[in-house]
Protein chains: 2
Amino acid sequence: MTTIRDVAKVAGVSPATVSRVVNGLAGYSAETRRRVDDAIRELSYEPDTLARGLKTKQGAVIGVLAPVVSDALASEIMSGVESAARQRGYSVMLGRTGPNSAYAASYLRTFRTYRAAGVILISAAVTADMRRALGSGIPVMSVAIRDGAQFPSLAIDDEAAAYDGTRRLITLGHRRIGLLAGDPASTLVNTVRKRGYLRAMTEARLDPLIEHGNSLYDSAPPALGRLLARDAGLTAVFALSDEMAAAVVNELQRKGRIVPDEISVLGFDNTRTSTHVYPALSTIAQPLERMGQLAVERLLAAEDGPAGALGPRILAHRLIERGSTSAPADRTTPSRTTSTTHPTKENS
Amino acid sequence: MTTIRDVAKVAGVSPATVSRVVNGLAGYSAETRRRVDDAIRELSYEPDTLARGLKTKQGAVIGVLAPVVSDALASEIMSGVESAARQRGYSVMLGRTGPNSAYAASYLRTFRTYRAAGVILISAAVTADMRRALGSGIPVMSVAIRDGAQFPSLAIDDEAAAYDGTRRLITLGHRRIGLLAGDPASTLVNTVRKRGYLRAMTEARLDPLIEHGNSLYDSAPPALGRLLARDAGLTAVFALSDEMAAAVVNELQRKGRIVPDEISVLGFDNTRTSTHVYPALSTIAQPLERMGQLAVERLLAAEDGPAGALGPRILAHRLIERGSTSAPADRTTPSRTTSTTHPTKENS
DNA sequence: TTGTAAGCGTTATCAC
DNA sequence: GTGATAACGCTTACAA
């Protein structure tokens, strides 16, 4: 390993001067600078992050915690985190939250020992436990989750998004719209989205119909079965995750029902999964990659600025219509297959 | 931050003794041990990873580099890496390889400054450039890629796997089998798989038919179009990635062709994507999660043992038959829809 | 069984 | 402008 002393020796200066040059501080002549730069290149010197972090009490890692590492939603956010972090000279350290939050706290303690510059929690709220595990110097931020509470977060307005999705289905002419929600116990965000669905249905004087999965693919077919058992005449299913929506599309097809002609399916999140089925999913888009980038930007800004100044921040969602939704065919409302699709603005 | 000295003071011993207790070394009485443990708990002390790494010249991070962070294949391998690393007290640091290997080398240099215990390269070979960037003390290993070269790697036998997949299609009765390969320039592994396909086809005196995509979803429909343009009577398509295979299934459906009755589709990798389409993909399974775990195990073992002792290592692949493959329907060979499926052992 | 002290590679404070 | 020097928190000879 080549150290700062090696460079100093070759350049004929002191370690302190090399440090100044490396860190872009003032206090040396142009000539000195050139000699140091040359030496650095010659020895291909790279400052030791460990020693630096130890001395400055300021590490160069951003910790990221996700419930499941291989999840599409988390992956896309992490991708944004990675690019923004790298761009600013930080490295990202990855951890899995797992089932209980004790697990998360353990990771947080580890991040602290690295003197992490910040921590990003994907799809998980900041609990008191976690805050404690992290100590006081390190800013945390939740991404893709938010609730009434004032902890730092970055998310879309899930209530409004679910409302808009439901509204769109209603506007298309659907009246019997089933909701396929995630596990209410584990995913906080589902409760909020459910509220949005409920509000839209109530406003339109429509009967809500809800069944629960766990946000993952395999949980959807049985839940869809339950939905259909309760109302065989459903014309639309709103699934609160793309994975479940994809499963619904496939399961419907397996049952010989045409999507969207017989039943429309609306997803949520706009992960890669949404384009991996046929017909491709109409879905509510969250700017996942962007959220990851923004999270590190805000985290890093928080370090300099007032430490606790991070509140919740809402990003815009967007309804993307692909092939899995249309007007219901067997009604008096205009059918998409026969007419051009000008969304009819009728409410009941 | 509570340091080892704080603990020492509370426990009424020296920092050295605390260190011994923390690291499980011998040399203290049971009574001392108890007092130290109590103090540690009381202050919720956690050793500083930075200081420790600096002193011991042995960091606690495993670096992982993937071409694309949000890719399903990489995600599943990373998931295995994470669990194995965590279990052994290591943290994983994530990086994206990006287009050129200069990018990768830069990450490698960063890993070195963390005194990484090892580095895992997903879907990328170890180049001389990279070896150099990493210095000599840190073991590297490629996962899910291998070639004739003797660099350390962990992969299935891609040639044999592609051969087996092709064989299976032939055994089912297919004669006109198109191959949908990835970009030959960027993905080394594709060349090897292509060889396996070619060998099986040649042995069976069948005409090979190959078109190239780039392994991703969007590249598949046009490539499929080209395949079909060259032979409209194709009864099977072997795609060298699940994403492409999924796209083929969906595109075929869009064209009104029934999978597998009219055309069988075989995928590769057995990522989550393979179960996200209907019919679910038959595919060649790589033990992705397991590969990730094994990679860290071998890396960590390599540290202690002889440093360069890591050669290539081959893992078993497995053919998984789901719904996207069957015997061709419009031939004299037994149709799967009418008879029970005993794979007919006929060769041409 | 336990303590003292010397560094690991860096940055920051202070002199010159 | 530049160089000693003292930490940062830890481990590890070496002493006791």
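Letters go in sequence order (proteins before strands), and every chain restarts at 1.
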Exercise for review: Nearest 0.5 Å please: distance from the CD atom of Gln286(B) over to the CD1 atom of Ile156(B).
Suggested key: 4.0 Å

Revision key, fill the gap. Ser106(B) meets the side-chain hydrogen bond (donor to acceptor under 3.5 Å, both in side chains) criterion, sequence neighbours left out, with Arg86(A)

Report, one pair per line, the protein and nucleotides 4-6 of chain D atoms (nitrogen or oxygen only) whose separation is under 3.5 Å.
none

Exercise for review: Strictly below 4.0 Å, heavy-atom distances to any atom of DNA chain C: list the hits from residues 105-114 of chain B, or just say none.
Suggested key: none

Compile the donor-acceptor pairs under 3.5 Å between side chains in residues 71-80 of chain A and protein atoms, sequence neighbours left out, one pair per line.
from	atom 1	to	atom 2	distance (Å)
Asp71(A)	OD2	Leu73(A)	N	3.3
Asp71(A)	OD2	Ala74(A)	N	3.0
Ser75(A)	OG	Asp71(A)	O	2.7
Ser75(A)	OG	Ser75(B)	OG	3.2
Glu76(A)	OE2	Arg272(A)	N	2.8
Ser79(A)	OG	Glu289(A)	OE2	3.1

Review point. Is there a donor-acceptor pair under 3.5 Å between the side chain of Arg88(A) and the backbone N or O of Ala84(A)?
Key: yes

**Study point:** Neighbours of DNA chain C within residues 24-43 of chain A, by heavy-atom distance under 4.0 Å
**Key:** none

Practice item. Just report the end-to-end axis angle for the helix from dT1(C)-dA16(D) to dC16(C)-dG1(D), five pairs per end, to 10 degrees. Key: 40°

Study note, to complete from the structure: The side-chain hydrogen bond (donor to acceptor under 3.5 Å, both in side chains) partners of Tyr114(A) (sequence neighbours excluded) come to none

Revision key, fill the gap. Chain A vs DNA chain C, heavy-atom contacts under 4.0 Å, first-to-last nucleotide span, 5' to 3', is dG9(C) to dA12(C)

Revision key, fill the gap. Here the salt bridge (charged side-chain N to carboxylate O under 4.0 Å, His left out) pairs for residues 119-130 of chain B, sequence neighbours left out, are Asp129(B)-Arg132(B)

Review point. Under the side-chain hydrogen bond (donor to acceptor under 3.5 Å, both in side chains) rule, what pairs show up with a residue in residues 18-30 of chain B, not counting sequence neighbours?
Key: Ser19(B)-Asn23(B), Asn23(B)-Arg52(B), Ser29(B)-Thr32(B)

Point to revise | Any side-chain heavy-atom pair of Ser153(B) and Met141(B) under 4.5 Å | key: no

Review point. To the nearest angstrom, how far is Leu54(A) atom CG from dA7(D) atom P?
Key: 14 Å

Exercise for review: Answer yes or no: are there more than 12 heavy-atom neighbours, outside Arg33(A) itself, under 6.0 Å from its atom CZ?
Suggested key: no

Check your understanding: Can you tell me how far P of dC10(D) sits from CG of Leu50(B), to the nearest Å?
Key -> 11 Å

Review point. Sequence neighbours excluded, which residues qualify as side-chain hydrogen bond (donor to acceptor under 3.5 Å, both in side chains) partners of Arg109(A)?
Key: none

Check your understanding: Is a donor on one side and an acceptor on the other found under 3.5 Å between the side chain of Arg96(A) and the backbone of Pro67(A)?
Key -> no

**Study point:** Exam field: side chain Thr127(B) to backbone Met130(B), donor-acceptor pair closer than 3.5 Å
**Key:** yes

Practice item. Return yes if some donor-acceptor pair links the side-chain N/O of Arg131(B) with the main-chain N/O of Gly135(B) below 3.5 Å, else return no. Key: yes

Check your understanding: Where is the tightest heavy-atom contact between Leu108(B) and Leu134(B), given as atom of each residue plus distance?
Key -> O-CD1, 3.5 Å

Review point. Between Thr56(B) and dT11(D), does any side-chain N or O lie under 4.0 Å from OP1 or OP2?
Key: no

Point to revise | Set of side-chain hydrogen bond (donor to acceptor under 3.5 Å, both in side chains) partners for Asp38(B), sequence neighbours left out | key: Arg34(B), Arg41(B)

